[in-house]
Peer 1: 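A single structure is presented below for examination.
Side chains are part of it too, since the values below use all heavy atoms of this structure and drop only hydrogens, waters and symmetry mates. Note that the structure is predicted; figures quoted are calculated from it, not measured.
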Amino acid sequence: MNDQGTPKPGRNAPYEQEDLNAVIRQHSEHLAAQLHAQGASLFPPDASKQMRKFTSGEAAQLLGVNDSYLRKLHLDGKGPSPELSPGNRRHYSVQNLSDLRQLLEKTARKPGDYLPGRRPGDALQIIGVMNFKGGSGKTTTSAHLAQRLALTGYRVLAIDLDPQASMTALHGVQPEYDLKDGGTLYDAIRYDDPSPIADSIRPTYIPGLDLIPGNLELMEFEHDTPRALAQGNAGLFFFRVRDALAQVDDRYDVVVIDCPPQLGFLTMSALSAATGVLVTIHPEMLDVMSMSQFLRMTADLMDVIAESGADMSHDWMRYLLTRYEPTDAPQNRIVAFLRTMYGDKVLNAPMLKSTAISDAGLTKQTLYEVERSAFTRSTYDRAIESLNAVNDEIAHLIQKTWGRS
């Protein structure tokens, strides 16, 4: 209806209009309640999310030793005792793996064989995972990278900087219900009375992996920054993430930041803090066209930040092909196009599209958290090999940055 009470052009008068705001709010609250109920059925309120046990073969692979050597350690009474199944098969908890790493490192041939993290003089590695377009596999990449690094012996801090908070939900935290009193990175980077970043860090069910969750509160930084800039109170706003992380520099080897799918002040702050940047690409033409605009806008914004005094040099920047289907001819043409254009800036290993990864997500789990028996063996193996290849290639970049092969 217009101001005079007559129908808007193109609409019949009898049509009953809805208040869009009321509809959206009703749908939002209903969906949140349903998700909470689903979460409570999977993980009751008095229970905490736990990591599954690993078979002796999986444990050996994660530790980088032979299964027979693990068996000998067990028989000799060295290290933690694994859980024995009725068939006398050994299963190791994530804490068992962590304890075994400490034990094996003491007699390692060279330092870092089992604890590959920082040594004196090594800089904290901060990896920003980003893309302008939703659906590019950004959160899937961030969550699996953080978990794989932790499972292979790194001390990792995962930061969910995306207000949609998908990585937070994957780690058993429901933003609408568990973060009513704050607890996101916004607490540490806000302009008015910021709190220590340590107050927002929470341990996960994987030893060596901590999380700073996200929720819609992160959007406040996007609203606060223009106001602070106008009032002259923002300072070098793009250093706020970097300065907050400096408070816990000695606690971690790697920080993985799941950036928002937009080029706002949060993303610019994450870029300024990052030592390495990972850009996810779904190899479809529309996504590549979108990425072209994203890269141009990013370059323009980084120029502005650099002119303001930021050092925008990074140790590395790579493109990761996600949701890749090797049998898809158009995708293969785009992959060849990208590899020809960007060369070794494109990671060798692509992240394959897999029903195993998406099915695990239905129960708010990563593929590292679900049992192999939950899927067709070939489907699971194909997906896990793809994920491991991607994450281990990134780990190699981290080691190379520290001056190690």
Side-chain angles (χ1 to χ4, degrees), residues 54 58-66 69-70 79 94 97-130 141-159 206-210 242 245-246 248-257 270-280 311-321 342-351 368 384-405:
F54 292 93
E58 289 175 318
Q61 189 269 334
L62 284 166
L63 292 167
V65 299
N66 292 323
Y69 182 57
L70 266 191
V94 278
L97 293 181
S98 181
D99 294 342
L100 280 166
R101 283 192 183 283
Q102 301 290 337
L103 175 70
L104 293 168
E105 183 67 21
K106 292 175 183 176
T107 56
R109 291 179 183 174
K110 63 179 188 295
D113 277 352
Y114 301 100
L115 293 172
R118 293 163 71 186
R119 300 175 202 165
D122 292 341
L124 175 67
Q125 292 297 292
I126 304 171
I127 302 173
V129 183
M130 55 191 302
T141 298
S142 302
H144 284 90
L145 173 61
Q147 290 190 359
R148 174 70 175 178
L149 289 174
L151 289 170
T152 50
Y154 293 86
R155 299 171 302 161
V156 184
L157 174 63
I159 300 179
I206 299 175
L209 176 60
D210 288 345
R242 184 201 67 179
L245 286 173
V248 291
D249 180 283
D250 60 341
R251 287 175 52 176
Y252 300 101
D253 303 314
V254 185
V255 177
V256 178
I257 305 178
L271 266 175
S272 301
T275 60
V277 175
L278 193 62
V279 180
T280 54
D311 178 8
M312 297 309 292
S313 57
H314 291 76
D315 293 326
W316 52 268
M317 187 267 243
R318 293 291 186 275
Y319 298 102
L320 167 63
L321 301 166
Y342 295 132
D344 62 4
K345 293 291 185 189
V346 181
L347 290 180
N348 288 321
M351 184 181 289
Y368 293 130
I384 205 81
E385 285 168 12
S386 165
L387 286 169
N388 289 345
V390 168
N391 295 328
D392 293 351
E393 190 173 346
I394 295 167
H396 178 73
L397 285 172
I398 293 169
Q399 292 290 318
K400 194 174 177 182
T401 300
W402 287 333
R404 305 198 276 277
S405 60

Peer 1: Any non-hydrogen side-chain atom of Leu104 less than 4.5 Å from a side-chain atom of Tyr69?
Peer 2: yes

Peer 1: Hey, what do you get for CG (Leu149) to CG (Leu157), rounding to the nearest 0.5 Å?
Peer 2: 12.0 Å

Peer 1: Within the structure provided, determine whether Asp315 and Gln125 are in side-chain contact (heavy-atom separation under 4.5 Å).
Peer 2: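 In contact.
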
Peer 1: So do the side chains of Leu245 and Tyr252 get within less than 4.5 Å of each other, counting heavy atoms only?
Peer 2: no

Peer 1: Please report the closest heavy-atom contact between Asp113 and Arg109, naming both atoms and the distance.
Peer 2: OD2-N, 3.6 Å

Peer 1: Please find the pair of heavy atoms, one from Ala150 and one from Ile206, that lie closest to each other, and give the distance.
Peer 2: CB-CG2, 4.0 Å

Peer 1: Could you give the distance from CG (Leu62) to CZ (Arg101), rounded to the nearest 0.5 Å?
Peer 2: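 Interatomic distance, Leu62 CG to Arg101 CZ, rounded to 0.5 Å: 7.0 Å.
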
Peer 1: Quick one: are Val156 and Asp210 in side-chain contact, heavy atoms under 4.5 Å?
Peer 2: no

Peer 1: Under the side-chain contact (heavy atoms from CB on, under 4.5 Å) rule, collect the residues that match up with Asp253, sequence neighbours excluded.
Peer 2: Arg118, Tyr154, Arg155, Trp402

Peer 1: How long is the straight-line distance from CD of Gln147 back to CG of Leu387, given to the nearest 0.5 Å?
Peer 2: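 Going from CG on Leu387 over to CD on Gln147, the span is 10.5 Å.
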
Peer 1: Might you work through the side chain to side chain contact (heavy atoms under 4.5 Å, CB included) test for Val129 and Leu320, ending with a clear yes or no?
Peer 2: CA-CA 10 Å; Val129 183; Leu320 167 63; over 6 Å; no

Peer 1: Can you confirm whether Trp316 sits close enough to Ile394 that some side-chain heavy atom of one is under 4.5 Å from a side-chain heavy atom of the other?
Peer 2: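 Trp316 reaches Ile394 side chain to side chain.
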
Peer 1: Applying the side chain to side chain contact (heavy atoms under 4.5 Å, CB included) test to Thr141, which of Val256, Val390, Thr280 qualifies?
Peer 2: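 Looking at Val256, Val390, Thr280, the match for Thr141 under the side chain to side chain contact (heavy atoms under 4.5 Å, CB included) is Thr280.
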
Peer 1: Give me the atom names and distance for the closest heavy-atom approach of Pro111 to Arg119.
Peer 2: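 Looking at all heavy atoms of both residues, the shortest contact is O-NH2, 2.8 Å.
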
Peer 1: What pair of heavy atoms forms the shortest contact from Leu115 to Gly153, and how long is it?
Peer 2: CD2-O, 4.2 Å

Peer 1: Can Val248 and Val255 be said to form a side chain to side chain contact (heavy atoms under 4.5 Å, CB included), step by step?
Peer 2: CA-CA 11 Å; Val248 291; Val255 177; over 6 Å; no

Peer 1: Closest heavy-atom contact between His144 and Asn391?
Peer 2: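 Nearest pair, atom of His144 first, then Asn391: O-ND2, 3.4 Å.
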
Peer 1: With sequence neighbours excluded, tell me which residues meet side-chain contact (heavy atoms from CB on, under 4.5 Å) with Arg242.
Peer 2: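 Arg242 satisfies side-chain contact (heavy atoms from CB on, under 4.5 Å) with Phe239, Ala273 only.
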
Peer 1: What are the two closest non-hydrogen atoms of Leu63 and Leu97, and how far apart are they?
Peer 2: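 The answer is CD2-O, 3.9 Å.
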
Peer 1: Nearest 0.5 Å, please: how far is NE2 in His396 from CG in Leu347?
Peer 2: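 Interatomic distance, Leu347 CG to His396 NE2, rounded to 0.5 Å: 11.0 Å.
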
Peer 1: I need the full list of salt bridge (charged side-chain N to carboxylate O under 4.0 Å, His left out) pairs touching residues 391-405, with sequence neighbours left out, sorted by first then second residue.
Peer 2: Asp122-Arg404, Arg148-Asp392

Peer 1: Output the distance between atom CD1 (Ile257) and atom CD1 (Ile127), rounded to the nearest 0.5 Å.
Peer 2: 9.5 Å

Peer 1: How many angstroms lie between atom NE2 of His314 and atom OG1 of Thr401, to the nearest 0.5 angstrom?
Peer 2: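 Between atom NE2 of His314 and atom OG1 of Thr401 there are 12.0 Å.
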
Peer 1: Considering only heavy atoms from C-beta outward, does the side chain of Tyr114 approach that of Leu100 to under 4.5 Å?
Peer 2: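 Not touching, per the 4.5 Å side-chain cut-off.
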
